[in-house]
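Sharing a structure with you now.
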Amino acid sequence: MKRLFIGLALASSWAFVSPTFIDRSFQHAQEQSRCMLSELKIAESKEASKLVSPRSLNAKGELERVAARDWTSGFFPGQLWYVYEYTGKPEWAEQARHFTAQLEGEKTNARTHDMGFKMYCSYGNGYRLTQDPAYKQILIESARTLSKRFKPAAGIIRSWDHHQDVWQCPVIIDNMMNLELLFAATRWTGDSSFYNIAVTHARTTMNNHFRPDFSSYHVVDYDTLTGQVRTRQTHQGYSHESAWARGQAWALYGYTLCYRETKDPAFLRQAEAIARFLLQHPRLPKDLIPYYDFDAPGIPNEPRDVSAATVMASALYELSTYAPKANYCAKADQLLTNLSKTYLAPAGSSHGFLLLHSTGSKPHNSEVDVPLIYADYYWLEALLRAKRLNEKKALF
């Protein structure tokens, strides 16, 4: 009887997207990734360039590539590692190693906070799957570099260095995603300073980034001497007081991973409160794929943001394992199913991207209704998390 009770309690944290669905999704990912690799090989043969990773499509529908310093440079190597993880085929490990290696120089780039996005998505997945000791050392150095951006007086890791005429010390909600690298560095080295910086940043952000309804501002600017908040803004959403969809997804994912790493119940409460805001929002469409901003005035004639949806799906699968009585797993299943039905790029199209209809920054008319590489990365991560939950289900 006790076993039955435990099984019922865990049932809501099991994925119900079928193994066939997951397999077909990875077959599509392999086909599209081969298409992307062909496109990249052609581009590289035509020019001597420092552009190392795909990011999106430009206004002409051409493949947009970025240098290693770009915050999105680690997602394509990470995508290749995920395809390797699912298939076990050496060809994917070989490609993943190639594109990962091109980012090594970023381990000492202290001019950016995006070390987690760049290095943990690439080298982090590579180390997890291969245990290559060289990868581990690169990741530790990357964590040390990120730590240099910590501002003790404010208790945060500085985000952007640009627009110093606008912000003194800006912190964006996206920065929650870079904490995973710091938590890992403490595990690898025993140096608790990485952990302490990550936890301090997460607590400060929890105190200052969120409104009473648990929606998040995008940017909070701090006084570097006093640590006091100067302004709260939303840079990539509709307005300063609006709820930019991807920002809310970053917050959900970030506090879920903080709970995983610390087991601090305050972080779990925060993650669940953000999940409720997202999933119960009256402007969340029936298919759960959000508009770029929950407060955009033209809804339902506003662009969707598939990248926000894939980040949400991946985060909800993990959150379901910490709060099994909630319906997070079912919502993540719905997201994956609906993404596959309506937003999947046809095989052989879109220069090899997996998903369509993401939005980078609508206010800047930048990357609106296009594929984005990070949408693809979190799509595959969500599929792998669903697979692991299915395997867990098989044990009962």
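Quick note: numbers below take in every heavy atom, side chains included, and nothing from hydrogens, waters or symmetry partners.
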(request) Search all heavy atoms of T359 against all heavy atoms of S307 and return the closest pair with its distance. (result)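 The answer is O-OG, 4.5 Å.
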(request) Kindly give the heavy-atom pair with the smallest separation between G254 and M177, and that separation in Å. (result) N-SD, 4.2 Å
(message) Is there a path of hydrophobic side-chain contacts, each under 4.5 Å between heavy atoms, that joins F117 and Y135?
(response) yes
(message) Centre-to-centre under 6.0 Å for W188 and Y127, is that the case here?
(response) yes
(request) Answer yes or no: are there more than 12 heavy-atom neighbours, outside R24 itself, under 6.0 Å from its atom CZ? (result) no
(message) With heavy-atom distances below 4.5 Å as the criterion, would you say the side chains of T262 and Y195 are in contact?
(response) yes
(request) Evaluate the criterion side chain to side chain donor-acceptor pair (under 3.5 Å) for residue pair Y86 and D23; output intermediate values, then yes/no. (result) CA-CA 9 Å; Y86 184 81; D23 190 63; 2.9 Å; yes
(message) Under the criterion side-chain contact (heavy atoms from CB on, under 4.5 Å), I'd like the reasoning laid out for Y317 against D333: C-alpha separation, chi angles, the key distance, then a yes or no.
(response) CA-CA 9 Å; Y317 277 130; D333 287 346; 2.5 Å; yes
(message) Under a 3.5 Å threshold, yes or no: a donor from one side chain and an acceptor from the other, between E381 and S314?
(response) yes
(request) Please work out which of the three classes, parallel, tilted or perpendicular, describes the rings of Y377 and Y82, given edges at 30° and 60°. (result) tilted
(message) Are the side chains of F210 and Q270 in contact, using a 4.5 Å heavy-atom criterion?
(response) yes
(request) Could you tell me whether a side-chain N or O of N58 sits under 3.5 Å from a main-chain N or O of G61, the two making a donor and an acceptor? (result)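 Answer holds: yes.
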(message) Distance to the ring centre below 6.0 angstrom and angle to the axis at most 45 degrees; does that hold for R304 and Y291?
(response)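 R304 over Y291 ring: yes.
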(message) Going by side-chain hydrogen bond (donor to acceptor under 3.5 Å, both in side chains), Y217 matches just one of H240, H235, E241. Which one?
(response) E241
(request) Flag yes if L354 and L383 sit in one hydrophobic cluster, no otherwise; membership is Ile, Leu, Val, Met, Phe, Trp, Tyr, and two members link when side-chain heavy atoms are under 4.5 Å apart. (result)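 Looking at the clustering, L383 is in the same group as L354.
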(request) In sequence, state the C-alpha distance, the side-chain angles, and the governing distance for R55 and E64, and then conclude on salt bridge (charged side-chain N to carboxylate O under 4.0 Å, His left out). (result) CA-CA 6 Å; R55 172 168 171 157; E64 188 80 14; over 6 Å; no
(request) Give me the ring orientation class for Y378 and W250: parallel if the planes are under 30° apart, tilted from 30 to 60°, perpendicular past 60°. (result)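 Because their plane-to-plane angle is over 60°, the rings of Y378 and W250 count as perpendicular.
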(message) Does either side chain, that of Q248 or that of S216, offer a donor lying less than 3.5 Å from an acceptor on the other one?
(response) no
(request) State whether the side chain of T234 and the backbone N or O of G237 hold a donor-acceptor pair below 3.5 Å, judged by distance alone. (result) no
(message) In this structure, would F214 and Y255 fall into the same cluster of hydrophobic residues linked by side-chain contacts under 4.5 Å?
(response)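 No, separate clusters.
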(request) Answer yes or no: does atom OH of Y238 have more than 12 heavy-atom neighbours from other residues, nucleotides or ligands under 6.0 Å? (result) no
(message) Using ring centroids (six-membered ring only for Trp), state whether F183 and F194 fall under 6.0 Å.
(response) no
(request) Carefully, step by step, assess D132 and R97 under the rule salt bridge (charged side-chain N to carboxylate O under 4.0 Å, His left out). (result) CA-CA 11 Å; D132 185 333; R97 281 187 178 277; 3.1 Å; yes
(message) Closer than 3.5 angstrom, by distance alone: can the side chain of T189 be matched with the main-chain N or O of A185 as a donor-acceptor pair?
(response) yes
(message) Using modelled atom types and a 3.5 Å cut-off, is there a donor and acceptor pairing between side-chain atoms of H364 and backbone atoms of S366?
(response) no
(request) Using only heavy-atom distances, determine whether the side chains of Y123 and R128 contain a donor-acceptor pair under 3.5 Å. (result)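 R128 and Y123 do not have a side-chain donor-acceptor pair below 3.5 Å.
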(request) State the CG-CZ distance between L40 and R65, to the nearest 0.5 angstrom. (result)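 Interatomic distance, L40 CG to R65 CZ, rounded to 0.5 Å: 7.0 Å.
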(request) Apply the side chain to side chain contact (heavy atoms under 4.5 Å, CB included) test between I197 and each candidate in I156, L179, L182, T186; give the one that qualifies. (result) L182
(message) Is the terminal nitrogen or CZ of K263 (NZ for Lys, CZ for Arg) located under 6.0 angstrom from the six-membered ring centre of Y259 and within 45° of that ring's axis?
(response)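 Yes, a cation-pi geometry.
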(request) Determine the minimum heavy-atom distance between L336 and A382, stating which atoms define it. (result) CD2-CB, 3.9 Å
(request) Could you point out which residue of F353, W81, F99 forms a ring pair (Phe, Tyr, Trp, His ring centres under 6.0 Å) with F76? (result)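 Exactly one pass, corresponding to F99.
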(request) Identify which one of Q79, Q30, E85 satisfies the side-chain hydrogen bond (donor to acceptor under 3.5 Å, both in side chains) criterion when paired with W92. (result)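 So, applying the side-chain hydrogen bond (donor to acceptor under 3.5 Å, both in side chains) to W92 and each of Q79, Q30, E85, only Q30 qualifies.
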(message) I need the N338 CG to K341 NZ distance, nearest 0.5 Å.
(response)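 Atom-to-atom, N338:CG and K341:NZ are 5.5 Å apart.
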(message) For R260, I'd like to know if atom CZ has over 12 heavy atoms of other residues, nucleotides or ligands within 6.0 Å.
(response)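 More than 12 within 6.0 Å, yes.
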(request) If the plane angle is over 60° it's perpendicular, under 30° parallel, otherwise tilted; pick one for Y374 and F75. (result) tilted
(message) Taking the side chain as everything from C-beta on, heavy atoms only, tell me whether L389 gets closer than 4.5 Å to T321.
(response)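 They are in side-chain contact.
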(message) Quick check on the hydrophobic clustering: are W71 and V66 connected, directly or via other members, by side-chain heavy-atom contacts under 4.5 Å?
(response) no
(request) Determine yes or no for a side-chain-to-main-chain donor-acceptor pair under 3.5 angstrom, with S320 supplying the side chain and C329 the backbone. (result)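 Not a single qualifying donor-acceptor pair exists.
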(request) Take L57 and E62 through the test side-chain contact (heavy atoms from CB on, under 4.5 Å) and record every step on the way to the result. (result) CA-CA 5 Å; L57 301 180; E62 300 165 335; over 6 Å; no
(request) List the steps and the verdict of salt bridge (charged side-chain N to carboxylate O under 4.0 Å, His left out) for D70 and K118. (result) CA-CA 8 Å; D70 190 84; K118 291 188 294 184; over 6 Å; no
(request) List the atom of Q236, the atom of G360, and the distance in Å for their closest heavy-atom pair. (result)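 Heavy atoms only, the tightest pair is NE2-O, 3.1 Å.
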(request) Indicate yes or no: at least one non-hydrogen side-chain atom of P170 is less than 4.5 angstrom from one of V220. (result) no
(request) Go through the steps for Y222 and Q228 under the test side-chain contact (heavy atoms from CB on, under 4.5 Å), then give the verdict. (result) CA-CA 6 Å; Y222 290 87; Q228 295 300 305; over 6 Å; no
(request) For L356 and T342, run side-chain contact (heavy atoms from CB on, under 4.5 Å): C-alpha distance rounded to whole Å, both residues' side-chain angles, the deciding distance at 0.1 Å, then the answer. (result) CA-CA 9 Å; L356 307 174; T342 311; over 6 Å; no
(request) Treating Ile, Leu, Val, Met, Phe, Trp and Tyr as nodes and any side-chain heavy-atom pair under 4.5 angstrom as an edge, say whether Y343 and V368 lie in one connected cluster. (result) no
(request) Under 4.5 Å between side-chain heavy atoms, chaining through other members, with only Ile, Leu, Val, Met, Phe, Trp and Tyr counted: pull out the rest of the cluster around W160, sorted by chain and number. (result)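 Hydrophobic cluster check, W160: joined to V166, W167, I172, V219.
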(message) With a 4.5 Å cut-off on side-chain heavy atoms, are P303 and K362 touching?
(response) yes
(request) Evaluate the side-chain proximity of T205 to M176: yes if any heavy-atom separation is below 4.5 Å, no if none is. (result) yes
(message) So which atom in C169 and which in D221 form the shortest heavy-atom distance, rounded to 0.1 Å?
(response)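 Between these two residues, the closest heavy atoms are N-OD1, 2.7 Å.
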(message) Any non-hydrogen side-chain atom of H201 less than 4.5 Å from a side-chain atom of N175?
(response) yes
(message) Before you tell me yes or no, could you show the steps for R111 and E106 under salt bridge (charged side-chain N to carboxylate O under 4.0 Å, His left out), namely the whole-Å CA-CA distance, both residues' side-chain angles and the distance that decides it to 0.1 Å?
(response) CA-CA 10 Å; R111 297 186 302 276; E106 290 301 295; over 6 Å; no
(message) I'd like to know if the side chain of T112 pairs up with that of R69 as donor and acceptor (distance under 3.5 Å, no hydrogens or angles considered).
(response)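 On atom types as modelled, these side chains do not qualify, holding no pair under 3.5 Å.
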(request) Determine whether L339 and L344 make a side-chain contact, defined as any pair of heavy atoms from C-beta on separated by less than 4.5 Å. (result) no
(message) Looking at every non-hydrogen atom in both residues, tell me the closest pair between S358 and L372 and how far apart they are.
(response)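 Minimum heavy-atom contact is CB-CD1, 3.5 Å.
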(message) Under a 4.0 Å threshold between the charged nitrogen and the carboxylate oxygen, would R149 count as salt-bridged to D114?
(response) no
